[in-house]
Visitor: 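Here it is: the structure, laid out below.
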Amino acid sequence: KNEVEQSPQNLTAQEGEFITINCSYSVGISALHWLQQHPGGGIVSLFMLSSGKKKHGRLIATINIQEKHSSLHITASHPRDSAVYICAVFNSGGSNYKLTFGKGTLLTVNP
Amino acid sequence: KAGVTQTPRYLIKTRGQQVTLSCSPISGHRSVSWYQQTPGQGLQFLFEYFSETQRNKGNFPGRFSGRQFSNSRSEMNVSTLELGDSALYLCASSGGTGGPYNEQFFGPGTRLTVL
């Protein structure tokens, strides 16, 4: 079992729909990141979370440390949101840490 | 500020050769991390350098090595290339003390093909 599991693997939505991508992890973490990767490879960091909830424009990220679960929500989705969304966790461990990635969720938003 | 740059962008090598990839971080950033991305394994952490010292390392064989210079630029070297080393290699820089609480800024990647 992977340390970081994302669901769904693929998601197709119509423009304007509310999107939810889930990330579950099995290890203790210091922080969790949500990344966006567009075709061609460029990766952009969307959020860094260690607790609670963050919002940036139409994107909202939440984390529940007790349940080891995070969600990324996109409100009023748009075709330009089409990308792979990747969850990454930093495993805690003093000054040494390890970054583990989920396999990603491919989101396609149709006009 | 200029973003993270990586050179070269594309590279073709044959098995057994070695390769060196370069990463220039955002000015002022002292932490540089390297990642490998393949269709099968996804993104995997290779190592992180901070102020010229390797601070963390992922589960990769010793053929993968790196270094960081005093200007924070970093190089990654892969020796005795194998077909399975074909991948997109990404570097990311972060400010402050690096680590898990700082945003990572990714470069465009180097696409390595091993024939």
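Here is the naming used below: chain letters follow the sequence lines, and residue numbers restart at 1 for every chain. Atom set for the values below is all heavy atoms of this structure, side chains included, hydrogens, waters and symmetry mates excluded.
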Visitor: Just checking B/Arg15: does its CZ atom have more than 12 heavy atoms from other residues, nucleotides or ligands closer to it than 6.0 angstrom?
Guide: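 Check fails, neighbour count at 12 or below.
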Visitor: Under 4.5 Å heavy-atom distance to chain A, tell me which part of B/Asn59 shows up: side chain, backbone, both or neither.
Guide: side chain
Visitor: Are B/Val19 and B/Tyr89 linked, directly or through other ILVMFWY residues, by side chains that come within less than 4.5 angstrom of each other?
Guide: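 Yes: a chain of side-chain contacts under 4.5 Å links B/Val19 to B/Tyr89.
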Visitor: With side chains defined as the heavy atoms from C-beta onward, is the minimum distance between B/Leu43 and A/Leu99 less than 4.5 Å?
Guide: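 No, too far: nothing below the 4.5 Å cut-off.
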Visitor: Below 4.5 Å from any heavy atom of chain B, which atoms of A/Leu35 appear? Answer side chain, backbone, both or neither.
Guide: side chain
Visitor: So, do B/Gln37 and A/Gln37 sit near enough that their side-chain heavy atoms are less than 4.5 Å apart?
Guide: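 They are in side-chain contact.
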Visitor: Nearest 0.5 angstrom please: A/Ser45 OG to B/Gln104 CD, how far?
Guide: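 Those atoms lie 7.5 Å apart.
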Visitor: Does B/Leu21 share a hydrophobic cluster with B/Phe60, counting links as ILVMFWY side-chain heavy atoms below 4.5 Å and allowing steps through other members?
Guide: yes
Visitor: Quick check: is B/Leu88 connected to B/Met76 through a chain of hydrophobic side chains (ILVMFWY, heavy atoms under 4.5 Å apart)?
Guide: no
Visitor: Quick one: do A/Val4 and B/Leu46 end up in the same hydrophobic cluster if we chain Ile, Leu, Val, Met, Phe, Trp and Tyr together by side-chain heavy atoms under 4.5 Å apart?
Guide: no
Visitor: Mind checking whether A/Phe101 and B/Tyr35 have ring centres under 6.0 Å apart?
Guide: yes
Visitor: Given side-chain contact (heavy atoms from CB on, under 4.5 Å), test B/Phe105 with A/Val44 step by step and report yes or no.
Guide: CA-CA 7 Å; B/Phe105 295 84; A/Val44 174; over 6 Å; no
Visitor: Check this for me: B/Asn71, atom CG, are more than 12 non-hydrogen atoms of other residues, nucleotides or ligands nearer than 6.0 Å?
Guide: yes
Visitor: Measuring heavy-atom distances to chain B, does A/Ile86 have an atom under 4.5 Å in its side chain, in its backbone, in both, or in neither?
Guide: side chain
Visitor: Could you tell me which non-hydrogen atom of B/Gly42 sits nearest to which non-hydrogen atom of A/Lys103, and how far apart they are?
Guide: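 Minimum heavy-atom separation between B/Gly42 and A/Lys103: N-NZ, 4.3 Å.
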Visitor: Should A/Ile65 and A/Val27 be regarded as members of a common hydrophobic cluster, given that ILVMFWY residues are connected when their side-chain heavy atoms come within less than 4.5 Å of each other, either directly or indirectly?
Guide: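 Yes, same cluster.
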